[in-house]
Number of protein chains: 2
Amino acid sequence: MVVDGALPTTTSPGGQVTSANSLTAEDLGSAAQRDRRKRILDATIVLATKGGFDAVQMRSVAEQADVALGTLYRYFPSKIHLLVSALGREFERAEGQLRDKPVDGDTTAERVIILLKRLTRGLQGDPHLTEALTRAFMFADASVQQEIHAVGMLLTRMLTRAMHPDRDSVTDEDVAIARVIGDVWLSALVAWVTGRATAAETAQQMEVAVSLLLRG
Amino acid sequence: MVVDGALPTTTSPGGQVTSANSLTAEDLGSAAQRDRRKRILDATIVLATKGGFDAVQMRSVAEQADVALGTLYRYFPSKIHLLVSALGREFERAEGQLRDKPVDGDTTAERVIILLKRLTRGLQGDPHLTEALTRAFMFADASVQQEIHAVGMLLTRMLTRAMHPDRDSVTDEDVAIARVIGDVWLSALVAWVTGRATAAETAQQMEVAVSLLLRG
DNA sequence: GGCACAATAGGAACGCGTTCCACCTCGTCC
DNA sequence: GGACGAGGTGGAACGCGTTCCTATTGTGCC
């Protein structure tokens, strides 16, 4: 689902040549710049929550974040980069919460189901936000590789951790299974956000996939 | 992945109120109208093959198909509808070929792998076309339900038929497995068309998923 | 043939993502 | 403190999807 390749480089705020815009706040220039970046992502989330993908208009984001349009584009080279970066921040938050309060359940399958339900519920509570972020994710091209990769890693890590709470003994097969589950989750999510499936159907589809993959 | 719900209705060429534009050529008015529709889809495929999603510009499609812009929108209410309809036609073609020359292979898993490889090879031979069609598919919202549903059904049918060449004995679990495989295929395809995975990685991901789902 | 009306042509206009440009501001170095 | 350069502002402009409007053409009905 997520693989590295040649990384395009660009100049991002701070001046140095870095590999695209990183999700993590590392090495991101001055406090003022970190603050602008945060304001932009906050505005993005607010607008996406209110009206979904279409409501995240670059002019509106710039206005709400109190930066000029050109500045917005300096921080995030496209609407897709912006939304995927926002998605990354949300996933980091989710993973943090998960670390504080891991899923419990007796079997591997049960824990994975619980994790997915928790994630999905969190998303379905904010349908517009989810729609915006999911669409951006699926529309992203190679120039957004790095941000996509980060999100994919987080998802896989959350899944393998639910499979093996004891952190050890994560085999290659476990990772492969986690990726397959992640793929199915994404497809189901796309069907849900685009109005082709109900929340219940999405949940059921996940259960089916997990039970098929983790039986035995 | 694909579920029915309330079907929006609209007036399509021919005058009657039908449920959106159907993929099949059934009930589609006069010969002139069927011809226009064909010309439009042909133009779409040509442009998509040449330059991908971005190259399929509504003005260009209209010009190449020798219809006015307004007419194009009368036949296909959006670029997404247009591309998903084109995808549907390609899938119908693929299923026809498959009917003439079914996959052979000794085990269920083997046949499914072969089918997926054949499908994928067909697509990867036309990277731009595949990019255009896949992106449209992932970006489609509820208004494209019917076309999406048709494509999903075709894919599932091809998969279950590969699993059970003898046509009978297709269980609910088989269908569920086919859907999961379809979802993984889509996710892998998206990763490939957006330049985040190589063709080889995509193929390997498919093999992993199939072996996980069809083991035993 | 003539009428009524749906379908098409042709093209202007609008919205939003994106690019570009002229000018301003602020920290840094001499 | 003055020059300089990166980063920021404000806004015009461009491209393409989409909508809309006014002829003009085709088509079924009498």
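Residue numbers start from 1 in every chain, and the chains themselves are labelled A, B, ... in the order their sequence lines are given, proteins ahead of strands. As a basis for the values below, the full set of heavy atoms in this structure was taken, side chains included, without hydrogen atoms, waters or symmetry mates. Not measured: the values here are computed from a predicted model.
- Taking atom CZ on B:R37 and atom P on C:dT8, their separation rounds to 13 Å, with Å as the unit.
- Distance, B:H81 NE2 to D:dG17 P: 16 Å, rounded to whole Å.
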Applying side chain to side chain contact (heavy atoms under 4.5 Å, CB included), run through A:L159 and A:D174 and close with a yes or a no.
-> CA-CA 9 Å; A:L159 282 168; A:D174 292 331; over 6 Å; no
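- Taking atom CZ on A:F139 and atom P on C:dT18, their separation rounds to 10 Å, with Å as the unit.
- Residue pairs that meet the ring-ring contact (aromatic ring centres under 6.0 Å, His included) test with at least one member in residues 175-195 of chain A, sequence neighbours left out, do not exist here.
- Among residues at least two apart or in separate chains, side chain to side chain donor-acceptor pair (under 3.5 Å) pairs with a member in residues 121-142 of chain A are A:E131-A:R135, A:D141-A:S143.
- Every residue two or more places apart in sequence or in another chain that forms a side-chain contact (heavy atoms from CB on, under 4.5 Å) with B:R161 is listed here: B:E95, B:R99, B:R157, B:R167.
- For A:Q64, there are no side-chain hydrogen bond (donor to acceptor under 3.5 Å, both in side chains) partners two or more places apart in sequence or in a different chain.
- Residues passing the side-chain contact (heavy atoms from CB on, under 4.5 Å) test with B:A32, sequence neighbours excluded: B:S30, B:R36.
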For nucleotides 19-30 of chain D, read 5' to 3', which letter fits each nucleotide if B means a protein heavy atom sits under 4.0 Å from the base, S means only the sugar-phosphate is that close, and - means neither?
-> B-----------
Please tabulate, for the side chains in residues 45-60 of chain B, all donor-acceptor contacts under 3.5 angstrom to protein atoms that are two or more places apart in sequence or on a different chain.
unit_1 : atom_1 : unit_2 : atom_2 : d
B:T49  : OG1    : B:I45  : O      : 2.6
B:Q57  : NE2    : B:D54  : O      : 3.4

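- Atom NZ of B:K79 is separated from atom P of D:dG15 by 16 Å (rounded to the nearest Å).
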Find every protein N or O atom lying less than 3.5 Å from an N or O atom of nucleotides 25-29 of chain C, and list the pairs.
none

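- Of all the residues in residues 49-67 of chain B, B:V56, B:Q57, B:M58, B:R59 reach under 4.0 Å from DNA chain D with at least one non-hydrogen atom.
- Checking each of A:T120, A:I113, A:I114 against A:K117 for a side chain to side chain contact (heavy atoms under 4.5 Å, CB included) leaves exactly one that passes, namely A:I113.
- Scored by the side-chain contact (heavy atoms from CB on, under 4.5 Å) test, A:A65 finds A:R39, A:I40, A:A43, A:V67 as partners (sequence neighbours excluded).
- Looking at the side chain of B:R36, the nearest of the listed nucleotides C:dA9, D:dT18, D:dT9 is C:dA9.
- Taking atom CG on B:L82 and atom C1' on D:dG17, their separation rounds to 12 Å, with Å as the unit.
- Residues meeting the side-chain contact (heavy atoms from CB on, under 4.5 Å) test with A:I177, sequence neighbours left out: A:M163, A:E173, A:I181, A:L213, A:L214, B:L212.
- B:D42 pairs by the side-chain hydrogen bond (donor to acceptor under 3.5 Å, both in side chains) definition with B:K38, B:R89, not counting sequence neighbours.
- One interatomic measurement links the two molecules: CZ of A:R74 to C1' of C:dC20, which rounds to 13 Å at whole-angstrom precision.
- Phosphate contact (OP1/OP2 of D:dG7, side-chain N/O of A:Y75, threshold under 4.0 Å): absent.
- Spacing between atom CG of A:L72 and atom P of C:dT19 amounts to 12 Å, rounded to whole angstrom units.
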